[in-house]
Amino acid sequence: MLRIIEYPHPTLRHVSKPLKRVDAELHAHIRQMFELMYEAKGIGLAANQVDLPYRLFVVNLEASPDSPETELVFINPVIRQRKGSEEAEEGCLSIPGLYAPVTRPKSVIISAYNDKGEELTYELDGLPARVVQHETDHLDGVLFIDKLGPTGQMSVRDQLDEFEIQYSQRRSSGQVPDDESIAARLAELESLRC
Ligand code: CO
């Protein structure tokens with residue numbers, strides 16, 4: 001059973017490794033990532049947000065299980081081109097309730113494998129371009145809050161402090177494992193499929 005982990009869980013800072021094996025269990029994980037994303041009313045979810053160390057994310061801009069035809073799976077994605085610049089508000093399922101404006105390239109060309117093993121290239125602009133950049137950042141251990149300017153950093157500080165206090169309380173009470181156990185589990189999962 002997967003669940004969405006929240007800031008400042010250390011797996012959100014993990015730099016994920018490319019997948020070499022996509023087996024039945026991973027297909028089941030992908031299915032569950034879509035379900036968790038829909039429950040949380042999100043449009044994108046990266047593997048390390050469900051505590052998996054793989055270069056994989058899922059997207060559905062319709063944010064609904066009623067639109068399976070717009071589901072996209074990105075395995076080992078590579079952003080090949082970035083153009084322009086645009087500011088828009090972002091949020092993240094791992095930092096629920098926190099929103100801030102982020103400046104990013106306006107359009108991108110991204111290649112990735114889908115869950116059928118086909119390599120596809122997408123030219124994206126606006127919101128879809130923003131989503132795949134946000135999710136690709138996750139795979140490199142980068143969160144959208146890292147991309148805020150000094151004023152933006154200041155405006156989210158209190159909320160982040162609150163997340164940090166709650167996480168350290170959960171860890172003290174044994175509800176989340178210690179950092180060493182988390183790292184050992186990620187290493188084991190990597191050795192299985194990367
Ligand atoms: Co996110």
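Counting convention: from 1, in listed order, for ligands and their atoms alike. If you read the sequence from its start, that first residue is 1, and numbering goes on from there.
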ask   = Is D125 paired with K106 through a side-chain N to carboxylate O contact shorter than 4.0 Å?
value =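 Yes.
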query = Relative to each other, are the rings of F74 and Y122 parallel, tilted or perpendicular (30° and 60° limits)?
reply =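 Judged by the thresholds at 30° and 60°, the geometry between F74 and Y122 is tilted.
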request  = I would like to know whether R80 and E123 meet salt bridge (Lys or Arg N to Asp or Glu O under 4.0 Å); could you show each step before the answer?
outcome  = CA-CA 10 Å; R80 304 200 174 278; E123 285 190 47; over 6 Å; no
task = Would you check if there is a donor-acceptor pair between the side chains of E62 and S64 at a distance under 3.5 Å?
result =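 Per modelled atom types, S64 and E62 side chains form no pair under 3.5 Å.
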key: Criterion side-chain contact (heavy atoms from CB on, under 4.5 Å) on L192 and E188, from CA distance to verdict   = CA-CA 6 Å; L192 198 63; E188 196 184 312; over 6 Å; no
ask   = D115 and L26: side-chain contact (heavy atoms from CB on, under 4.5 Å), yes or no, with the steps?
value = CA-CA 9 Å; D115 54 341; L26 197 80; over 6 Å; no
inquiry  = If we only look closer than 2.8 Å, how many protein N, O or S atoms does the Co ion (ligand 1) have near it?
reply    =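 For the Co ion (ligand 1), protein nitrogen, oxygen or sulfur atoms under 2.8 Å: 3.
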